[in-house]
Amino acid sequence: MPRHAVLKINLKAFTSNLNIVKKYAPKSKIWCVIKANAYGHTIKAALQGLRKTSGFAVLEINEAIFLRENGWKGPILLISGFFNKSELFEICQHEVTTVIHSTWQIDILKKYNINRPIHVYLKLNSGMNRLGFNKNNFIHSWNELYQLKKVSSLTLMSHFAHSYSKSSVHQQLKIVDSVFSKIKKIPLCLANSTAILLHPETHKSWVRPGIILYGILPFQKNFFDQKYDDFEPVMTLESKLIAIQKVNSKKFIGYGKNYYSKFDNIIGIVSCGYADGYPYNINTSGTPVLVDGIRTQVIGSIYMDMLTVDLKPCPNAKIGSKVELWGKNIKINDIAQSARTTSYELMCKINSRVSVKVE
Ligand SMILES: *Cc1c(COP(=O)(O)O)cnc(C)c1O
């Protein structure tokens, strides 16, 4: 019997989320960020659902090549740039725009001949303190690259460290502005999902949405006054009941003595576990799950290949009943909160043994 755990990808949701991003940032071009296998949704599905984007941003050169091989002729941004000289040659060959964030990358670019000039996103560290040149080094590098024939265009890129906070974003914008005032006018690319939603003043020439394209808010809903109901989750992690157990009161369920059933219980065994990507360390009570269309909760431990759910609220549940672990009805952000992680991690950690169904 094939396993039932399946990742459903809703292409219409992809397209509608992209249209919503366009409404938020009507004057900007859009890099759809599809690194990490499109946040677990598969690059192939992202390419299908997000065709109307201005460009795609990826982390690995192989992701860029995959896009080219599958017919994408538009812009591609390598979001952390090349990692070695052979990737620089591939960037040239496949006409990929590269980020440059460090002098070692400039050294490689200067040292090796390439057969056509490349577009460069020069990264400014305006406060994130991860990748990028500090203010003064940036201007120096900008001058250096500006004079290189190997560089056909330059864009200033930066990333926000704390994009929920207006004051933090504005502190970083100040640094961007002070650099921008000292160089020839070039396009700017700053905003991730949170900045797109909360700070229109950051939109500039290009925006870089990731998580909102997948229909997930980068913050817990109602954290801000405004509602963002229109985004629709693209991914649904679904499985089925493969067994039902009636457990008498005062019995333990599962390994060890993790879960004690005080009362008579009916529990369902779901074919999905931590080896599929469901988080092991969720709260032991109150983590939501949808069984047979009814909201109930996960109980007991998460196993490698299975988990157990409370069937008391679902009297009609039977073997084969559909179980939604997260998706349209069960918010992935709620599961992430229960597991003390982020929805980003949950999406990226879905195991390759889960079959993907694009619909
Ligand atoms: C991942 C990433 C993004 C997208 O971030 P979201 O929070 O998913 O919108 C944007 N810019 C850079 C540099 C990134 O690494």
Side-chain angles (χ1 to χ4, degrees), residues 1-13 40-42 45 214-216 232-255 258-339 343 346-347 349-359:
M1 187 170 75
R3 290 188 72 252
H4 299 298
V6 54
L7 189 67
K8 292 191 173 164
I9 305 295
N10 177 349
L11 291 182
K12 278 204 188 114
H41 295 66
T42 75
Y214 307 99
I216 308 302
E232 190 184 338
V234 175
M235 135 184 325
T236 299
L237 180 60
E238 206 176 272
S239 194
K240 288 182 177 170
L241 290 184
I242 55 167
I244 292 174
Q245 299 280 356
K246 290 201 167 99
V247 183
N248 293 329
S249 61
K250 299 181 184 148
K251 292 268 191 276
F252 289 99
I253 297 174
Y255 288 129
N258 280 342
Y259 189 82
Y260 182 66
S261 180
K262 250 196 225 164
F263 309 103
D264 287 350
N265 242 322
I266 306 179
I267 61 168
I269 318 297
V270 182
S271 179
C272 180
Y274 61 78
D276 297 298
Y278 196 90
Y280 176 76
N281 65 332
I282 53 161
N283 277 337
T284 47
S285 72
T287 302
V289 62
L290 198 78
V291 179
D292 205 21
I294 294 169
R295 212 177 151 89
T296 177
Q297 59 174 338
V298 179
I299 56 172
S301 317
I302 308 302
Y303 308 104
M304 188 182 279
D305 315 308
M306 285 166 265
L307 54 81
T308 45
V309 295
D310 182 3
L311 289 185
K312 272 196 272 39
C314 323
N316 299 324
K318 52 187 184 301
I319 304 294
S321 283
K322 226 192 244 180
V323 179
E324 179 183 314
L325 286 319
W326 61 67
K328 205 173 160 67
N329 303 287
I330 302 296
K331 301 265 173 276
I332 193 172
N333 277 338
D334 291 342
I335 307 300
Q337 193 174 38
S338 172
S343 50
L346 295 185
M347 292 190 288
K349 276 199 172 161
I350 290 169
N351 196 297
S352 58
R353 83 177 189 187
V354 176
S355 53
V356 178
K357 210 166 151 192
V358 177
E359 42 191 36

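Predicted model only: the values in this text are computed from it and were never measured.
- Inter-residue side-chain proximity for Ile335 and Leu325 is flagged as unmet; no heavy-atom pair is nearer than 4.5 Å.
- Between the side chains of Ser261 and Asn265, at least one donor-acceptor pair of N or O atoms lies under 3.5 Å.
- Note that the CG atom of Asp276 and the NE2 atom of His4 stand 12.0 Å from one another [nearest 0.5 Å].
- Checked for salt-bridge contact, Lys322 and Asp292 miss the test: no charged N lies under 4.0 Å from a carboxylate O.
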side-chain contact (heavy atoms from CB on, under 4.5 Å) for Ser355 and Leu7? Distances and angles first, verdict last.
CA-CA 6 Å; Ser355 53; Leu7 189 67; over 6 Å; no

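- Closest of all the heavy-atom pairs between Val298 and Pro288 is CG2-O, 4.4 Å.
- Heavy-atom minimum distance, Arg295 versus Asn329: NH1-O, 3.7 Å.
- For the pair Arg353 and Asp305, the minimum side-chain heavy-atom distance is below 4.5 Å.
- Between Tyr280 and Tyr274, the ring planes are perpendicular. Angles over 60° get that label, and only those under 30° would be called parallel.
- The backbone N or O of Asp310 lies less than 3.5 Å from a partner atom in the side chain of Thr296, making a donor-acceptor pair.
- Distance check: Lys251 NZ to Gln245 CD gives 12.5 Å after rounding to the nearest 0.5 Å.
- Although no hydrogens or angles enter the test, the distance criterion places no donor-acceptor pair under 3.5 Å between the side chain of Glu324 and the main chain of Thr236.
- Atom CG in Leu290 sits 9.5 Å away from atom CD in Glu238 (nearest 0.5 Å).
- Across all their heavy atoms, Pro233 and Ile216 have their closest contact at CB-CD1, 4.1 Å.
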Is there a side-chain contact (heavy atoms from CB on, under 4.5 Å) between Ile269 and Ile244 once you walk through the steps?
CA-CA 6 Å; Ile269 318 297; Ile244 292 174; over 6 Å; no

Evaluate side-chain contact (heavy atoms from CB on, under 4.5 Å) for Trp326 paired with Leu346, printing each intermediate quantity in order.
CA-CA 10 Å; Trp326 61 67; Leu346 295 185; 4.0 Å; yes

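- Taking both residues in full, the closest heavy atoms of Pro279 and Ile302 are given as O-CG1, 3.5 Å, listed atom of the first, atom of the second, then distance.
- For the atom pair CD of Gln337 and CD1 of Ile332, the computed distance is 13.0 Å after rounding to the nearest 0.5 Å.
- Within the model, atoms CG of Asn281 and OG of Ser338 stand 8.0 Å from one another, a figure rounded to the nearest 0.5 Å.
- You'll find the side chain of Met235 reaches within 4.5 Å of the side chain of Met347, heavy atoms only.
- Side-chain atoms of Ser271 do not come within 3.5 Å of backbone N or O of Ile242 as any donor-acceptor pair.
- Across Thr308 and Ile267, no two heavy atoms sit closer than the pair CG2-CD1, 4.2 Å.
- Of the possible polar contacts, one joining the Thr287 side chain to the Asn283 backbone as a donor-acceptor pair under 3.5 Å is found.
- Within a 6.0 Å sphere centred on NZ of Lys8, heavy atoms belonging to other residues, nucleotides or ligands number more than 12.
- Using a 4.5 Å heavy-atom cutoff, the side chains of Val234 and Glu232 are not in contact.
- For the pair Asp264 and Lys312, the salt-bridge criterion is not met [side-chain N within less than 4.0 Å of a carboxylate O].
- Atoms SG and CE, from Cys272 and Met306 in turn, are 11.0 Å apart once rounded to the nearest 0.5 Å.
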Show your working on side-chain contact (heavy atoms from CB on, under 4.5 Å) between Leu241 and Val323 and close with a plain yes or no.
CA-CA 7 Å; Leu241 290 184; Val323 179; 4.0 Å; yes

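- Nearest heavy-atom pair, Lys331 versus Lys328, reported as atom, atom and distance to 0.1 Å: NZ-O, 3.6 Å.
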